[in-house]
Amino acid sequence: MEEQILINNEISQLNKIDAAKFQQDLIGWFEAEQRDLPWRKDQDPYKVWVSEIMLQQTRVDTVIPYFHNFIEQFPTIEALSNADEEKVLKAWEGLGYYSRARNLQSAVREVHEKYDGKVPNDPKEISSLKGVGPYTAGAILSIAYGIPEPAVDGNVMRVLSRILSIWEDIAKASSRKVFEEAVRKLISHSNPSFFNQALMELGALICTPTSPSCLLCPVREHCHAFHEGTEKDLPIKTKTKKHRHVQIVAAVLRNNEGKFLIHKRPSKGLLANLWEFPNVEVLLPHINEKEQLKDAVKELFKTDIEIDEMIGQIEHVFSHLTWNINAYKGQVHFMEKEAEDLRLVTAEEMKEFSFSVSHQKILQQFIESEEE
């Protein structure tokens, strides 16, 4: 009861909005101005699901070619369910946040086995799938099935914080309920698909984070922040934790047959199950970093190597840390044996393995150094 009172207090402006007119203005704009995106060609729940997972933390322009390629390789629930994880990660290569791909395939397998290959249209059932949070569940249910469920992401919270003058910190998980309740009261029951997509589109194109284009906004007459001149003060969002910088040394190593030494990251944690070149965090500044890598490779892989000249430096930024990588090239002199997570592969064979973006860049630097 206390939570409901808090929500009602935070969205008091709701009572002043003509919901029917707001829906009409918003959806009318979306019908006329929506971007031509491949996942909007039909309302296939599987395609909506794939697109929403890909769009998390990733720009639309980046996602489009990946979406086309992914759907071409795995056009159905059954195809993705039966696919080898290595092929799925390869199709995801470069998008980052690889746990999204693993969780998607795991959830798709559950849909294939438990729901006979049909994405559930029940809020409780769909929310129980791995990697499907409240936003993704709401997006699939509203866009694919026409069920009036809220789909609240950062764009939607920004738009509604301005329209309804909500001064809750959107960085706090508890604030989501305030925005979900607002959507439940505003959403069009006749066209929830276009309503939710229109809110997202408005946040992406018009009601942007730093310089909202209020004069082009189709719902500005409903917007409290526009009338009060507070659109640049909202939303309230506290800063995240301090970003950590990690110094790494890596090397592209070949044996006398020209094969490359690669290894697979652990199955849990950052960039899980992706392949990479030997590397180690530089923890001892008083010891040469090449020697630190050489010692680590010897200890971890029972392999003797020689490291030559540097081929480049790479900065790779994650949401919570930055890798500063010094990349070298060198030779494998002796290797005890290959393993499931440690391989010697030709350049052609390497194309079949999934690498993180940073190690794709290291490989490119190696290729360029060989051409000089």
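Heavy-atom basis, side chains included; hydrogens, waters and symmetry copies ignored.
When every heavy atom of L141 is checked against every heavy atom of I126, the shortest pair comes out as CD1-CG2, 4.0 Å. R220 approaches L215 most closely through the heavy-atom pair NH1-O, 3.1 Å. Across C223 and R162, no two heavy atoms sit closer than the pair SG-O, 3.5 Å. Scanning both residues, H68 and P38, for their nearest heavy atoms gives CE1-CB, 3.5 Å. Summarising the geometry of L160 relative to A182, their closest heavy-atom pair is CD1-CB, 4.4 Å, with the distance given to 0.1 Å. Contact record, N121 with I147: O-CD1, 3.2 Å, taken as the closest heavy-atom pair.
No donor-acceptor distance shorter than 3.5 angstrom exists from the side chain of T230 to the backbone of E228, with no hydrogens or angles considered. One N or O on the side chain of N82 and one on the backbone of E78 form a donor-acceptor pair closer than 3.5 Å. At least one donor-acceptor pair under 3.5 Å links the side chain of R158 to the backbone N or O of C207. The main-chain N or O of P123 is found under 3.5 Å from a side-chain atom of S127 such that the two form a donor-acceptor pair. For S175 (side chain) and D169 (main-chain N/O), a donor-acceptor pair under 3.5 Å exists by modelled atom type. Judged purely by atom type and a 3.5 angstrom limit, Q105 uses its side chain to pair as donor or acceptor with the backbone of A83. No donor-acceptor distance shorter than 3.5 angstrom exists from the side chain of R265 to the backbone of A272, with no hydrogens or angles considered. Checked by atom type and distance alone, the side chain of D304 never pairs as donor or acceptor with a backbone atom of F334 at under 3.5 Å. H320 places no side-chain N or O within 3.5 Å of a backbone atom of R244 that could act as its donor or acceptor partner. Using modelled atom types, no side-chain atom of E86 and backbone atom of F353 make a donor-acceptor pair closer than 3.5 Å.
Tracing side-chain contacts under 4.5 Å through hydrophobic residues (I, L, V, M, F, W, Y), one never reaches I311 starting from I307; they form parts of separate clusters. Linking Ile, Leu, Val, Met, Phe, Trp and Tyr whenever their side-chain heavy atoms come within less than 4.5 Å leaves V317 and I314 in two separate clusters. Linking Ile, Leu, Val, Met, Phe, Trp and Tyr residues whenever their side-chain heavy atoms come within less than 4.5 Å leaves L300 and I262 in two separate clusters. Clustering ILVMFWY residues whenever any of their side-chain heavy atoms sit less than 4.5 angstrom apart, transitively, puts V252 in a cluster other than the one holding L261. The hydrophobic cluster containing F277 does not contain L344, counting ILVMFWY residues as joined when their side-chain heavy atoms lie under 4.5 angstrom apart, directly or transitively.
Rounding to the nearest 0.5 Å places CD1 of I163 at 6.0 Å from SG of C217. Atom NZ of K361 is separated from atom CD of E315 by 9.0 Å, given to the nearest 0.5 angstrom. Atom CD of residue E113 and atom CD1 of residue I77 lie 11.5 Å apart, to the nearest 0.5 angstrom. Annotation: the span from L205 atom CG to Q34 atom CD amounts to 11.0 Å, rounded to 0.5 Å. Here the CD atom belonging to Q365 is positioned 11.0 Å from the NE2 atom belonging to H359, to the nearest 0.5 angstrom. With rounding to the nearest 0.5 angstrom, the CG atom of L253 is 12.0 Å from the NZ atom of K329.
With respect to the salt-bridge test (charged N to carboxylate O, under 4.0 angstrom), the residues K87 and E352 do not qualify.
Q56 and T136 are linked by a side-chain donor-acceptor pair at a separation below 3.5 angstrom, with hydrogens and angles left out of the test. When only modelled atom types and interatomic distance are considered, N196 and E149 share no side-chain donor-acceptor pair under 3.5 Å.
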### Message
Between K90 and E93, does the salt bridge (Lys or Arg N to Asp or Glu O under 4.0 Å) criterion hold? Intermediate values first, please.
### Response
CA-CA 5 Å; K90 186 67 181 174; E93 187 179 61; 3.1 Å; yes

### Query
Which is it for T62 and L95 under the side-chain contact (heavy atoms from CB on, under 4.5 Å) test, yes or no, and what are the steps along the way?
CA-CA 8 Å; T62 302; L95 266 181; 4.3 Å; yes

### Task
I would like to know whether L363 and F355 meet side-chain contact (heavy atoms from CB on, under 4.5 Å); could you show each step before the answer?
CA-CA 10 Å; L363 178 59; F355 284 79; over 6 Å; no

### CA sep, side-chain torsions, deciding dist, call: H222, K16, side-chain contact (heavy atoms from CB on, under 4.5 Å)
CA-CA 9 Å; H222 307 277; K16 301 175 185 177; over 6 Å; no

### Query
Stepwise, does the side-chain contact (heavy atoms from CB on, under 4.5 Å) test hold for E349 with R343?
CA-CA 11 Å; E349 289 169 339; R343 302 282 300 275; 5.9 Å; no

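A side chain to side chain donor-acceptor pair (under 3.5 Å) with N273 is found for exactly one of E85, R102, K268, namely E85.
In this structure, Y97 has its ring center no closer than 6.0 Å to that of W92. The distance between the ring centers of F30 and F195 does not fall below 6.0 angstrom.
Between H243 and H245, the angle of the ring planes goes over 60°, which puts this pair in the perpendicular group of the 30/60° scheme. Classified by interplanar angle (parallel below 30°, tilted 30° to 60°, perpendicular above 60°), the ring pair F318/W323 is perpendicular. F260 and F366 have perpendicular rings, their planes meeting at more than 60° on a 0 to 90° scale where under 30° would count as parallel.
Under the 4.5 Å side-chain criterion, counting only non-hydrogen atoms from C-beta, I166 is not in contact with H224. Here the side chains of I17 and L164 are in contact, with some heavy-atom distance below 4.5 Å. For the pair F194 and S188, the minimum side-chain heavy-atom distance is 4.5 Å or more. Side-chain contact between D36 and K41: present, with at least one pair of heavy atoms (C-beta onward) separated by less than 4.5 Å. Considering only heavy atoms from C-beta on, Q313 stays 4.5 Å or farther from N324 through its side chain. With contacts defined as side-chain heavy-atom distances shorter than 4.5 Å, the pair V345/K259 does not qualify. At a threshold of 4.5 Å between non-hydrogen side-chain atoms, the residues M157 and P235 do not count as touching. Contact annotation: the side chain of W29 never approaches that of V219 to less than 4.5 Å [non-hydrogen atoms, C-beta and beyond].
Within a 6.0 Å radius of NZ in K232, no more than 12 heavy atoms belonging to other residues, nucleotides or ligands are found. Other residues, nucleotides and ligands place more than 12 heavy atoms under 6.0 Å from the CD atom of E370. Shown here is E309, whose CD atom has more than 12 heavy atoms of other residues, nucleotides or ligands within 6.0 Å.
Scanning for side-chain contact (heavy atoms from CB on, under 4.5 Å) contacts around L37 gives R35, W39, R40, V60, I64, with sequence neighbours left out. For V282, the side-chain contact (heavy atoms from CB on, under 4.5 Å) partners at least two apart in sequence or on another chain are Q247, V249, E289, Q292.
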May I have the list of side-chain donor-acceptor pairs in residues 46-54 shorter than 3.5 Å, sequence neighbours left out?
unit_1: Y46; atom_1: OH; unit_2: F74; atom_2: O; d: 2.7
unit_1: K47; atom_1: NZ; unit_2: D42; atom_2: OD2; d: 3.3
unit_1: S51; atom_1: OG; unit_2: K47; atom_2: O; d: 3.3
unit_1: S51; atom_1: OG; unit_2: V48; atom_2: O; d: 2.8
unit_1: E52; atom_1: OE1; unit_2: Y135; atom_2: OH; d: 2.6

